[in-house]
J.: 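Next up is a structure, given as structure tokens.
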Amino acid sequence: MITPPAGFRALPLSITQLSLAAVLQCGQSFRWNIFPLLSLASGTSGADNLHPTHEYRLCLRDRVVCLRQSLDTLFYRSVLPGPPLSRTLQDEREAETLAWLRDYFQLDVDLEALYEQWGKRDSVFMNRQQRFSGIRVLRQDPFENLISFICSSNNNIARITKMVKALCRQYSPALIALPSPALTDDDSNDPSTQELTEAYHPFPPPSALAAPEVASTLRGLGFGYRAEFIQRTAQMLVEAHGVAASESGVEPAEKWLHSLRKMSTSDAREELLKFVGVGRKVADCVLLMSLDKREVIPVDTHVHQIAMKHYGVSGSSKAKSNMTPKLYDEVSSKLAAVWGDYAGWAHLVLFTSDLKSFSSYGLSTTAAFPKAQPDVKITSRQRKSVLATPSATPSPAGKRKRKQVQEATVAIIANEKVESSSTQHSDVELPALDDSSMADRVKRRRRVKVTIAAVALK
DNA sequence: ATCGGACCCCCG
DNA sequence: GGGGGTCCGA
């Protein structure tokens, strides 16, 4: 095991048990910030497969959790607002963070054992498992999960991500501002390459979204018809359960949503379907991803396609028939029969392996982890000269540029080189590129950063 | 009960 | 035109 990056603690964990690159971008959660780390350390080869290539950050209620990953280790640290903590207190906080990680990533579930079972039962799965290891279901906060998936109708991952982040910025105060991670370790002492800070917002509580004017505000933020759904759902929750202040800062409505974990799947589903903007598919996503209903398979057009292609579900692959309740049940029960009691987890592996953003993901031998980080031989001086001449992307040409940059990012994540002429579209957005609250310098810097990566890939 | 159509916005 | 749907009215 390599020594942890400064400030990080190490948790031994095989990348085949958890692949952050896959799990955090496959459309379960939409709030993680992702930072490429380019190993440009002069004199050493960056492509050793052992050092993390990305940092991932999520803002919780009271802290920002930062993660990095290598083949056999998960590195974690958390940052809290306020003055620096004593050593003892810091240890205590990190112990809490570790407990949160175990819960959020459901680390007690042996994913490799599940893959083995699924492979035995299903030849289609067998064909993909090697290339798509480490894909597991998260155990998310139910309220965040519910609101996020109300946003998902007629939508794609990139826009959902944008919307959820805008929602947090609008309706929850920033917990803390943090600089993005240094490009490389040797950058941390170099003021000229110091990264800029950005604010981290937790997900807002139900009471913050319940006021009637929230609907029009969200419309203004580009939520479309989902704006009313979100406001009305939050209002229903608040009216049914109140906003009584409690010690923990957790609202009664949130506690009630948590309590659905103890209900049967069908009872919990029935409760979720009462909300506006929540149909069968969204309800099933919440059941699977935050309410412990591991057997539930959310059926969308994509899963429908998979079921028709590989599992003998009726309908022609080009017929865009509307998803009727009857068809939904047919798809769902057929796949459930194949995969067993963790069917929802198996579905996520297949779903992710079919995502366009991940379509090149599997071609490497160790797909769970970006294999060969580009072996960049850029001197510190060269790097600075690149940074000093940001291409002032004008809008028409800039759009294409951005597309290429996005593809390059996906390629890094997916551990696969992309041809510049690739027609693949990207579902994974480049963090903060469209963040209107961010200074232009930040955008430029970010773009430049990835441009380096694109160059390195050639 | 089942069946289309509209819906808001973004992007190819 | 279509996208990880849902609502509403025949």
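Predicted, not measured: the structure shown is a model, and the values here were computed from it. In the text below, chain A, chain B and the rest are named by the order of the sequence lines, each starting its count at 1.
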J.: Hey, does Arg280(A) reach any base, or is it just sugar-phosphate, or nothing, if we go heavy atoms under 4.0 Å?
T.: sugar-phosphate

J.: Is Val278(A) touching bases, backbone alone, or none of the nucleic acid, heavy atoms closer than 4.0 Å?
T.: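 The residue Val278(A) makes sugar-phosphate contact but no base contact.
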
J.: Taking the six-membered ring of Phe203(A) as reference, does the NZ or CZ atom of Arg31(A) fall below 6.0 Å from its centre and within a 45° cone about the axis?
T.: no

J.: Look at the rings of Tyr56(A) and Trp32(A) and say which category their plane angle falls in: under 30° parallel, 30 to 60° tilted, over 60° perpendicular.
T.: perpendicular

J.: Expressed in angstrom and rounded to an integer, what is the separation of Leu218(A) atom CG from dC9(B) atom P?
T.: 12 Å

J.: Have a look at Phe223(A) and say if it touches a base, only the backbone sugar-phosphate, or nothing, with a 4.0 Å heavy-atom cut-off.
T.: nothing

J.: Determine the Euclidean distance between corresponding P atoms of dG5(C) and dA1(B); express it in Å to zero decimal places.
T.: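 These two P atoms come out 25 Å apart once rounded.
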
J.: Whole angstroms only, please: what is the NE2-C1' distance between His302(A) and dG2(C)?
T.: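 Value for this atom pair: 14 Å.
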
J.: It should be established whether Lys162(A) places a side-chain nitrogen or oxygen under 4.0 Å from OP1 or OP2 of nucleotide dC11(B).
T.: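 Result: yes.
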
J.: Could you please spell out the steps behind the side-chain hydrogen bond (donor to acceptor under 3.5 Å, both in side chains) verdict for Thr16(A) and Ser133(A)?
T.: CA-CA 5 Å; Thr16(A) 57; Ser133(A) 54; 5.9 Å; no

J.: Would you indicate, yes or no, if dG3(C) has its OP1 or OP2 atom less than 4.0 angstrom from a side-chain nitrogen or oxygen of Arg159(A)?
T.: no

J.: Which is true for Cys151(A) with a 4.0 Å heavy-atom rule: it touches a base, it touches only sugar-phosphate, or it touches nothing?
T.: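 Here Cys151(A) touches no strand at all.
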
J.: Taking the six-membered ring of Phe75(A) (Phe, Tyr or Trp), confirm whether the NZ or CZ of Arg68(A) is under 6.0 Å from its centre and within 45° of its axis.
T.: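 No, Arg68(A) does not sit over the ring of Phe75(A).
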
J.: How are the rings of Trp256(A) and Phe275(A) set relative to one another: parallel (under 30°), tilted (30 to 60°) or perpendicular (over 60°)?
T.: perpendicular

J.: Considering every strand and a 4.0 Å limit on heavy-atom distances, what is the contact class for Val276(A): base, sugar-phosphate, or nothing?
T.: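 It contacts sugar-phosphate atoms only.
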
J.: Parallel, tilted or perpendicular, judged at 30° and 60°: which one describes the rings of Trp118(A) and Tyr115(A)?
T.: tilted

J.: Tell me what Gly222(A) touches on the nucleic acid: a base, only sugar-phosphate, or nothing, going by heavy atoms under 4.0 Å.
T.: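 The answer is sugar-phosphate, as Gly222(A) gets under 4.0 Å only of primed atoms, P, OP1 or OP2.
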
J.: Whole angstrom is fine here: how far is it from CG in Asp300(A) over to P in dG5(C)?
T.: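 The answer, rounded to whole Å, is 6 Å.
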
J.: dT2(B) pairs with which nucleotide, Watson-Crick or G-U wobble, both distances below 3.5 Å?
T.: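 dT2(B) is paired, partner dA10(C).
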
J.: With rounding to the closest Å, how many angstrom separate the C1' atoms on dC3(B) and dG4(C)?
T.: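 It comes out at 22 Å once rounded to the nearest Å.
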
J.: On a plain distance test, is the side chain of Lys281(A) in donor-acceptor contact with the base of dG4(C) below 3.5 Å?
T.: yes

J.: Side-chain N or O of Thr301(A) less than 4.0 angstrom from OP1 or OP2 on dG4(C)?
T.: yes

J.: With rounding to whole Å, what would you report as the distance between dC8(B) and dG9(C) at their P atoms?
T.: 15 Å

J.: Between dG4(C), dC3(B), dC8(B), spot the one nearest the side chain of Thr324(A), thanks.
T.: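 Side chain of Thr324(A) sits closest to dC3(B).
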
J.: Closer to the 5' end of DNA chain C via nearest nucleotide, is it Arg226(A) or Arg232(A)?
T.: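 It is Arg226(A) whose nearest nucleotide is closer to the 5' end.
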
J.: If each of Phe149(A) and Phe275(A) is mapped to the nucleotide of DNA chain C with the nearest heavy atom, which maps nearer the 5' terminus, i.e. the 5' end?
T.: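 Checking each residue's closest nucleotide, the 5'-ward one belongs to Phe149(A).
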
J.: Looking at Arg269(A) and Asp284(A), does any basic side-chain N land under 4.0 Å from a carboxylate oxygen?
T.: yes

J.: Do the side chain of Tyr328(A) and the base of dG5(C) come within less than 3.5 angstrom through a donor-acceptor pair of N or O atoms?
T.: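 Result: no qualifying N/O pair found.
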
J.: For His347(A) and dG4(C), give me the distance from atom NE2 to atom P, rounded to whole Å.
T.: 12 Å

J.: Leu355(A) CG to dG4(C) P: how many Å, rounded?
T.: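 Distance, rounded to whole Å: 9 Å.
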
J.: Asn155(A) near the nucleic acid: base, sugar-phosphate alone, or nothing, with a heavy-atom cut-off under 4.0 Å?
T.: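 Answer is sugar-phosphate: Asn155(A) comes under 4.0 Å of backbone atoms only.
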
J.: Separation of Lys274(A) atom NZ from dT6(C) atom P, in whole Å?
T.: 18 Å

J.: Just the rounded figure in Å: distance from P of dC11(B) to CG of Asn156(A).
T.: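 Distance, rounded to whole Å: 8 Å.
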
J.: Please classify the nucleic acid contact of Phe30(A) as base, sugar-phosphate, or nothing, using heavy-atom distances under 4.0 Å.
T.: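 Counting heavy atoms under 4.0 Å across all strands, no contact is made by Phe30(A).
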
J.: How long is the line joining CD1 of Ile160(A) and P of dG5(C), in whole Å?
T.: 9 Å

